[in-house]
Amino acid sequence: MTSSADSYPKDTYTKVFLPESEMPTQWYNIIPDLPTPPPPPLHPGTHQPIGPDDLAPLFPMAIIEQEVSPESYIDIPGEVLDVYRLWRPSPLFRARRLEKALDTPAKIFYKYEGVSPAGSHKPNTSVPQAYYNHKEGIAKLTTETGAGQWGSALAFATSQYGIECEVWQVAASYRQKPYRKTMMEIWGATVHPSPSEVTEYGRALLATDPDHPGSLGIAISEAVMMAVEDPKTRYSLGSVLNHVLLHQTVIGEEALKQLAMVGETPDVLVGCTGGGSNFAGLSFPFLREKLAGRMNPTIRCVEPAACPTLTKGEYRYDFGDTAQLTPLVKMHTLGHNFIPDPIHAGGLRYHGMAPLVSHIYEEGLVEAIAAPQTECFAAAVQFARTEGIVPAPEPMHAIAAAVREALACKESGEEKVILTALCGHGHLDLAAYEAYFSGEMVDRDLSDEAIAEAMKSVPVLG
Ligand SMILES: *Cc1c(COP(=O)(O)O)cnc(C)c1O
């Protein structure tokens, strides 16, 4: 270890770099450490627990094994580490200038994942997913993307291993965010607006509405349909599933080491939750330490008030997609037909939450709050004007929660250590900032009636 606490003088360090030689070489699987295991996914037809064969048309065997692995640690293949090294380890920052602006005694740390080629945490999983498919002889991956971050991350990863990538992008965002499509094309991907003319399902939806805005649930259905048709094609998902959360744990493993390098342990950990992957990636290694009694941080999910999956959804078995093709998974859901209002945090607009995050929330191991988007933008602008980095709309939620906590510390005088993930930069989200500055941005709360209506689509299991 080349760095020691001495290299980081207590009162002045601003970012903590982990040497490449200290990069984690294993992913952490939290399931064996939990007090109870999460409920199994069920077959959509028989409602019986699914087996590996049910998933084989969708995913390579290595990924299916990781999805159900009983092992606590899984080695990261060398060819994946080689690509990770393009941007990992990522820096941990101490937000000294934000702390000063807030006049808080709290210490705020953020792990910055915007240094990846795609500008978010998503390549942490797109790279291993592309690698395992390539290794098992797969020629093409299909996927969906909302705001475009996941599509770009998969396009980048497939380009590293020489396989094709076909992306269904939610039509509304395809029209509003043309630069994301260009990014995917730079890395060699083919991009369709969803609903598309390519699938029968897409054509049927377009027949009812030629300007259909699409949704993540519909785009997932199209990408899945195209994958199961072709034996050389598989599907890839950027959040929600156990293996995705597993791959993201490199974030938390690095952060643990970086905080140790400056002699700190977190009192509060906050992360934004769309499908739950960056939150899980940051928090699961810390939850392991907490369950083992080595530290005791409060761990909190932050979601948009307009898509409050954990705080207002129900913990039920539901489908991951609109066409009901995916297995039934037990998760906090607003219903698979739910189409959230078009808030700017596109990556947080999913009707469900990762089953694993839902389970630990249900077990009382983590908390959840919802934040309105104007509060998030205000916090993000303050962050950009102090720390410099322009946050993506999703991690603004985490920043807003960190600011809330820091202001509470100002009231109470507590010197808490707050840790969060700045999981992406907002360089392709400037239109959202423009909307905020124009004053036309509104906060959308979801009514109980709208939630009750959306929940009607959730199947009732016998
Ligand atoms: C996709 C995305 C999210 C939401 O996904 P999670 O699985 O909840 O992490 C959040 N932030 C950014 C920057 C994203 O690209």
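Numbers here simply count residues along the sequence, with the first being 1. Computed from a prediction, not measured in an experiment: that's the story for all the values here. Order of listing sets the numbers, starting from 1, for every ligand and every atom in it.
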Subset of ligand 1 atoms that lie under 4.0 Å from at least one heavy atom of [X]:
| X | result |
| --- | --- |
| Cys423 | 10 (C), 11 (N), 12 (C), 13 (C) |
| His121 | 2 (C), 3 (C), 9 (O), 10 (C), 11 (N), 12 (C), 14 (C) |
| Ser239 | 6 (P), 7 (O) |
| Gly276 | 6 (P), 7 (O), 8 (O) |

### Heteroatom proximity flag, Gly275 to ligand 1, N/O under 3.5 Å
yes

### Query
Based purely on interatomic distance, does Gly274 place a nitrogen or oxygen under 3.5 Å from a nitrogen or oxygen of ligand 1?
yes

### Message
For a quick check under 3.5 Å, do Ser194 and Glu144 share a side-chain donor-acceptor pair by atom type?
### Response
no

### Message
Below a 4.0 angstrom heavy-atom separation, can you tell me which part of Asn278, side chain or backbone, both or neither, approaches ligand 1?
### Response
both

### Task
Determine yes or no for a side-chain-to-main-chain donor-acceptor pair under 3.5 angstrom, with Gln248 supplying the side chain and Ser277 the backbone.
no

### Query
Ignoring hydrogens and geometry, is there a side-chain-to-backbone donor-acceptor pair from Glu387 to Leu98 under 3.5 Å?
yes

Minimum-distance protein heavy atom relative to [atom]:
| atom | result |
| --- | --- |
| atom 15 (O) of ligand 1 | Lys122 NZ, 2.6 Å |
| atom 4 (C) of ligand 1 | Gly347 O, 3.2 Å |
| atom 10 (C) of ligand 1 | Glu394 CB, 3.4 Å |

### Query
What pairs with Lys181 under salt bridge (charged side-chain N to carboxylate O under 4.0 Å, His left out), at least two apart in sequence or on another chain?
Glu185

### Query
Should the heavy atoms of other residues, nucleotides or ligands under 6.0 Å from CD of Glu434 be counted, would the total exceed 12?
no

### Task
Answer yes or no: are there more than 12 heavy-atom neighbours, outside Arg385 itself, under 6.0 Å from its atom CZ?
no

Pairs under 3.5 angstrom only: tabulate donor-acceptor contacts from the side chains of residues 355-363 to other protein residues two or more places apart or in another chain.
{"residue": "Ser358", "atom": "OG", "partner": "His332", "partner atom": "N", "Å": "2.9"}
{"residue": "Ser358", "atom": "OG", "partner": "His332", "partner atom": "ND1", "Å": "3.3"}
{"residue": "Ser358", "atom": "OG", "partner": "Ala354", "partner atom": "O", "Å": "3.1"}
{"residue": "His359", "atom": "NE2", "partner": "Thr36", "partner atom": "O", "Å": "2.8"}
{"residue": "His359", "atom": "NE2", "partner": "Thr36", "partner atom": "OG1", "Å": "3.4"}
{"residue": "Glu362", "atom": "OE1", "partner": "His332", "partner atom": "NE2", "Å": "3.0"}
{"residue": "Glu363", "atom": "OE1", "partner": "Thr36", "partner atom": "OG1", "Å": "3.0"}
{"residue": "Glu363", "atom": "OE2", "partner": "Thr36", "partner atom": "OG1", "Å": "3.2"}

